[in-house]
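Contents: one structure, followed by commentary.
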Protein chains: 2
Amino acid sequence: MALRTATQRRELCRDCPIARVADALGDPCSLLIIRDLIDEPRRFSELEESLGMSTRTLTLTLRRLQKQGIVSRHERKTLPLYVQYRITRKGAAFGAVVDAMRSYGKKYL
Amino acid sequence: MALRTATQRRELCRDCPIARVADALGDPCSLLIIRDLIDEPRRFSELEESLGMSTRTLTLTLRRLQKQGIVSRHERKTLPLYVQYRITRKGAAFGAVVDAMRSYGKKYL
DNA sequence: CGGCATCCTACGCGATACTG
DNA sequence: CAGTATCGCGTAGGATGCCG
């Protein structure tokens, strides 16, 4: 992160909704998780493979996104375990952002 | 970055415009620079103060954004130096993304 | 003012191994 | 399968000092 301290970051975020969004996403991979889950619910391992990230980072990111109310976790206690991650309503509203990014990417990158 | 290697990241980016955008932005502060410059051209020191980042990071980020054709640099060789950064046409097209983020931030964060 | 070079540290993140 | 725990490295990025 390029913003000095956590407190200073919060200062910047107080007034600017864009900064808040950037802060909420935290890192590029959160966005890709959201993109995937908006498409359809996914299992842990599916995300793992789709994004090519370590279990550690994926776990941490998913945990953060849950705390933010952007994704939810649904567990079926079979054996082996079956866990599904879904986008929440709040998370689905990111669709507009994702769409804007998709349009931009297609056109300019 | 949560994507294993640079090559792997490029692989992911090949097919997905969203991943390409996320990769182009690189970090949250790029987005804030773009937000500022879409508003109006800024001087180096103005960005520095607005974003609260070190000269090092600001320099590196601006350089990258220039290379990507998102911002341009305009220098008036007075003394003291007067340098202005402006958004390019390609950069201005991020306006849609920025707007989507602003809406989201206002509503949900 | 608008940088660039250097040094240095925190920590992000992958790799690995182990559990329920 | 879906994680948790630990270790260890790489590097992003702040602090500082100097220059045109």
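All figures in this text were calculated on a predicted structure; none of them were measured in a lab.
Judged by the 6.0 Å distance and 45° axis criteria, B/R76 is positioned over the aromatic ring of B/Y82.
Distance from the side chain of B/L81 is smallest for C/dG2 among the nucleotides D/dG13, C/dG2, C/dC13. Ranking C/dC4, C/dG2, D/dG3 by closeness to the B/R43 side chain, first place goes to C/dG2. Checking D/dG3, D/dC1, C/dG3 against every side-chain atom of B/V83, the shortest atom distance belongs to C/dG3.
A distance of 13.0 Å separates OG in A/S72 from NZ in A/K90, rounded to the nearest 0.5 Å. Note that CZ of B/R64 and CD1 of B/I33 are 8.0 Å apart. Values are rounded to the nearest 0.5 Å. Atom-to-atom distance recorded for B/L62:CG and B/Y85:OH is 5.0 Å, nearest 0.5 angstrom.
In this structure, A/E48 places its CD atom 14 Å from C1' of C/dC13, rounding to the nearest Å. Summarising the geometry, the separation between NZ on A/K77 and P on D/dG3 is reported as 11 Å, rounded to the nearest angstrom. Between A/L79 atom CG and D/dA2 atom C1' there is a gap of 11 Å when expressed in whole angstrom units. Between the CG atom of B/L58 and the P atom of C/dC1 there is a distance of 14 Å, given to the nearest Å. Atom pair B/R42:CZ and C/dC1:C1' shows a separation of 18 Å (rounding to whole Å applied). Rounding to whole angstrom units, CZ of residue B/F44 and P of D/dG20 are separated by 18 Å. Protein atom CG of B/L47 is 13 Å distant from nucleotide atom C1' of C/dG3, rounded to whole Å. For B/L60 and C/dA5, the CG to P distance is 10 Å, given to the nearest whole Å.
Checking the phosphate oxygens (OP1, OP2) of C/dA15, no side-chain nitrogen or oxygen of A/S54 falls inside 4.0 Å. The shortest distance between the side-chain N/O atoms of B/T57 and the OP1/OP2 oxygens of D/dG14 is below 4.0 Å. Distances shown here put every side-chain N or O of B/R56 at or beyond 4.0 Å from the OP1 or OP2 atom of D/dA12. The side chain of A/Y85 contributes an N or O atom lying less than 4.0 Å from OP1 or OP2 of D/dG3.
Residue contacts for A/S45: at a heavy-atom cut-off of 4.0 Å it reaches the sugar-phosphate backbone alone, with no base atom in range.
A heavy atom closer than 4.0 Å to some atom of DNA chain C occurs in no member of residues 63-76 of chain A.
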**Request:** Output, in order, the C-alpha distance, side-chain angles, deciding distance and verdict of side chain to side chain contact (heavy atoms under 4.5 Å, CB included) for B/R43 and B/V83.
**Result:** CA-CA 6 Å; B/R43 303 183 61 171; B/V83 177; over 6 Å; no
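In the interface, the side chain of B/T55 is paired with the base of C/dC4 through a donor and an acceptor atom under 3.5 Å apart.
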